Participant: 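Sending over a structure as structure tokens; questions will come in a sec.
Computed from a predicted model, the values in this text were never measured in an experiment. The chains referred to below are lettered A, B, ... by the order of the sequence lines, with proteins before strands, and numbering in each begins at 1.
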Amino acid sequence: MVDFLVHRDGDHVGVAVRDIKKNEHVSGKTVDGQFSYELDAVQDIPLGHKIALRDIQKGEKIIEYGEIIGVATDNIAKGAHVHVHNIRSLRWG
Amino acid sequence: MKREILAYRRPDGSVGVRNYVLILPIDDISNAVAEAVEKVVNGTLAIPHPYGRLQFGKDLELFFKTLIGTGLNPNVAAVVVIGVEPKWTCKVAEEIAKSGKWVEAFWVEGFGQLRTIERAARTAVKFVEDATNLKRETVDLSELIVSLKCGESDTTSGLGANRVVGRFTERFLEMGGTVLFGETTELTGAEHILIQRIKSEQERQKFIRMFDEYQQLVKSQGVDLLGSQPTQGNIAGGLSTIEEKALGNLQKIGNAMVDGVLEPAERPPAKGLYFMNTSSAAAEAVTLFAAAGAAIHLFPTGQGNPIGNPIVPVIKITANPKTAQSMSEHIDVDVSDLLRLKISLDEATERLFSRVVETACGRFVKAEILNHREFVPTKLYPSA
């Protein structure tokens with residue numbers, strides 16, 4: 001059983017597949033089951049929300065699906081919640 | 001995997017999975033007659049809508065194409081066309097009649113509402129008798145046109161339900177099936193991937209033109225779509241940007257290549273996978289796919305969208321375990337096991353395949369059971 005899934009190895013974020021609580025040690029896999037990851041959640045991550053798989057600097061482009069999904073508007077720590085409060089679109093808004 | 005279905009073969013060769021006697025109003029002021037006929041004649045279906053007066057140019061063309069295409073849809077056995085005046089009413093009826101389908105036109109001017117209801121109802125009685133006497137026959141599933149559109153998406157869509165639909169699409173195309181997808185603005189951030197998937201340069205250029213036009217339209221309104229894209233439901237479900245939503249959206253076609261690019265409500269010229277220029281609003285898009293001949297629609301959802309269509313069964317698929325529970329009366333295929341890797345993508349796809357076969361053979365989907373009949377013609381600009 002996994003706690004989060006990752007679209008492609010190398011992505012900066014994973015997606016919680018259950019409600020994750022702060023300080024939980026969680027494990028995840030890529031959707032094809034090929035790669036595994038382990039880290040500590042530093043915030044609550046609700047089901048379906050993204051968790052940072054590594055430290056992300058403010059201004060850095062964030063990768064999911066092996067593609068750019070937006071830019072970090074703040075420094076994001078490994079294990080933190082990644083959402084509209086710290087990422088914005090490069091296309092709209 | 002079972003490929004044979006029991007379905008209706010129409011006179012023009014198309015294959016349908018439902019057998020409606022449609023009462024089709026040409027304009028808003030004929031809705032009352034259409035709805036009255038539906039009430040007095042069991043087995044008929046009226047599809048009221050708010051348009052059809054003083055439309056002009058491209059908007060009128062698309063409106064006619066939508067009404068005619070809806071009448072031509074293979075899930076429809078016969079059509080009673082009702083308008084306020086004869087010219088437009090007969091134009092729509094004549095186009096539908098070319099397919100060999102039973103169709104008759106009625107108009108209110110010169111008769112009044114009550115006489116029109118009676119005349120139309122008498123024809124509807126005959127159509128219901130004949131339609132209900134039609135037999136389903138054995139045909140290959142690949143003869144159907146299937147359309148795709150997701151809604152109330154969240155990250156479980158891109159991880160689960162859309163990927164299942166993507167694998168289905170790959171398999172169905174291998175079988176020789178036809179698939180339609182669209183949602184022009186909701187490809188923003190993933191359009192570069194789609195462009196590479198379009199087989200011919202000519203069709204690629206067509207897509208780029210449609211995509212750019214939509215982006216210009218958004219810009220011309222002096223707004224960005226932030227606030228409506230992603231939607232509040234999307235954001236609650238964890239989607240942060242339009243790029244992320246678009247990348248999840250595109251999972252619905254798997255790794256398939258695109259054969260062509262269609263205008264709204266345009267019928268696919270051959271078998272294969274086609275992109276159609278549509279709004280990303282669910283009911284509008286499904287209405288356009290139905291007008292292009294889709295017999296079944298696959299609708300992956302994250303947070304749960306109840307949408308249906310009057311003539312096309314809309315199959316709801318979710319990978320969100322919370323939605324599968326809290327919105328169970330809307331969900332046809334629960335693939336939430338995929339999210340925790342309890343089943344494989346192929347196993348989840350097989351669940352969807354069996355449900356598509358069952359639906360094609362007559363099993364009602366939840367949207368049909370719950371009376372969802374959203375018929376929403378796309379309006380391009382204000383009427384004159």
Side-chain angles (χ1 to χ4, degrees), chain A residues 1-8 11-20 26-37 43-52 56 61-74 76 80-93, chain B residues 153-160 162-164 166 185-193 215 218-219 223-230 232-251 302-303 318-323 336-342 344-345 348:
Chain A
M1 292 284 268
V2 291
D3 306 306
F4 63 89
L5 284 178
V6 178
H7 284 281
R8 217 179 272 189
D11 282 359
H12 298 171
V13 292
V15 180
V17 295
R18 67 170 180 79
D19 290 326
I20 293 172
V26 288
S27 62
K29 281 187 174 174
T30 45
V31 286
D32 58 11
Q34 295 288 307
F35 298 89
S36 300
Y37 313 84
Q43 286 174 319
D44 288 352
I45 321 278
L47 189 158
H49 288 232
K50 290 178 288 298
I51 181 168
I56 301 168
K61 285 171 182 153
I62 297 179
I63 305 294
E64 189 187 14
Y65 293 95
E67 300 280 337
I68 299 164
I69 60 159
V71 62
T73 55
D74 211 342
I76 305 170
H81 184 203
V82 180
H83 201 18
V84 289
H85 60 284
N86 54 18
I87 171 173
R88 89 176 151 73
S89 168
L90 284 164
R91 302 297 294 268
W92 292 342
Chain B
S153 300
D154 60 23
T155 49
T156 71
S157 306
L159 278 177
N162 288 9
R163 286 175 63 232
V164 173
T185 58
E186 285 194 359
L187 291 166
T188 306
E191 76 273 21
H192 58 291
I193 302 172
Q215 298 283 322
V218 172
K219 277 191 198 136
V223 294
D224 62 60
L225 289 185
L226 199 74
S228 62
Q229 284 284 26
Q232 293 309 307
N234 296 152
I235 290 171
L239 285 173
S240 307
T241 63
I242 183 65
E243 294 95 314
E244 186 184 23
K245 183 172 174 176
L247 290 161
N249 185 351
L250 204 55
Q251 304 297 310
Q303 299 284 294
T318 195
N320 186 321
K322 289 182 180 171
T323 302
S336 57
D337 285 345
L338 192 58
L339 221 54
R340 306 208 61 186
L341 303 180
K342 281 193 253 174
S344 70
L345 185 59

Participant: Which heavy-atom pair separates A:D3 from B:R340 by the least distance, and what is that distance?
Facilitator: OD1-NH2, 4.1 Å
Participant: Answer whether the closest heavy-atom distance between the side chains of A:L47 and B:D154 falls below 4.5 Å.
Facilitator: no
Participant: So which part of B:A236 gets closer than 4.5 Å to some heavy atom of chain A, the side chain, the backbone, both or neither?
Facilitator: backbone
Participant: Heavy-atom pairs under 4.5 Å with chain A: which of B:L338, B:L239, B:N320 has the most?
Facilitator: B:L239
Participant: Counting only N and O atoms by type, is there a donor-acceptor contact under 3.5 Å from the side chain of B:T155 to the main-chain atoms of A:G48?
Facilitator: yes
Participant: Hey, could you give me the OG1/CZ distance between B:T188 and A:R91, rounded to the nearest 0.5 Å?
Facilitator: 6.0 Å
Participant: For the pair A:K61 and B:E243, find out whether any cationic side-chain nitrogen is under 4.0 Å from an anionic carboxylate oxygen.
Facilitator: no
Participant: Answer yes or no: is there a side-chain heavy-atom contact under 4.5 Å between A:H7 and B:L159?
Facilitator: yes
Participant: Contact part of B:L345 toward chain A, heavy-atom cut-off under 4.5 Å: side chain, backbone, both or neither?
Facilitator: neither
Participant: So which atom in B:T241 and which in A:S89 form the shortest heavy-atom distance, rounded to 0.1 Å?
Facilitator: CG2-N, 3.5 Å
Participant: With a 4.5 Å cut-off on side-chain heavy atoms, are A:H83 and B:I235 touching?
Facilitator: yes
Participant: Considering residues at least two apart in sequence or located in another chain, which fulfil the salt bridge (Lys or Arg N to Asp or Glu O under 4.0 Å) criterion with A:E67?
Facilitator: none
Participant: Measure the spacing between CG of B:L341 and CG of A:L5 and express it to the nearest 0.5 Å.
Facilitator: 5.0 Å
Participant: Which atom names give the shortest non-hydrogen contact between B:S240 and A:V82, and what distance separates them?
Facilitator: OG-O, 4.0 Å
Participant: Grab the two heavy atoms, one from B:E244 and one from A:Y65, that are nearest each other, plus how far apart they are.
Facilitator: O-CE1, 4.0 Å
Participant: If you look at every heavy atom in B:L339 and A:V17, which pair is closest and at what distance?
Facilitator: O-CG1, 3.4 Å
Participant: In terms of heavy-atom proximity below 4.5 Å to chain B, should A:I68 be classed as side chain, backbone, both, or neither?
Facilitator: backbone
Participant: Is any NZ, NE, NH1 or NH2 atom of the basic residue among B:K322 and A:D19 found under 4.0 Å from an Asp or Glu carboxylate oxygen of the other?
Facilitator: yes
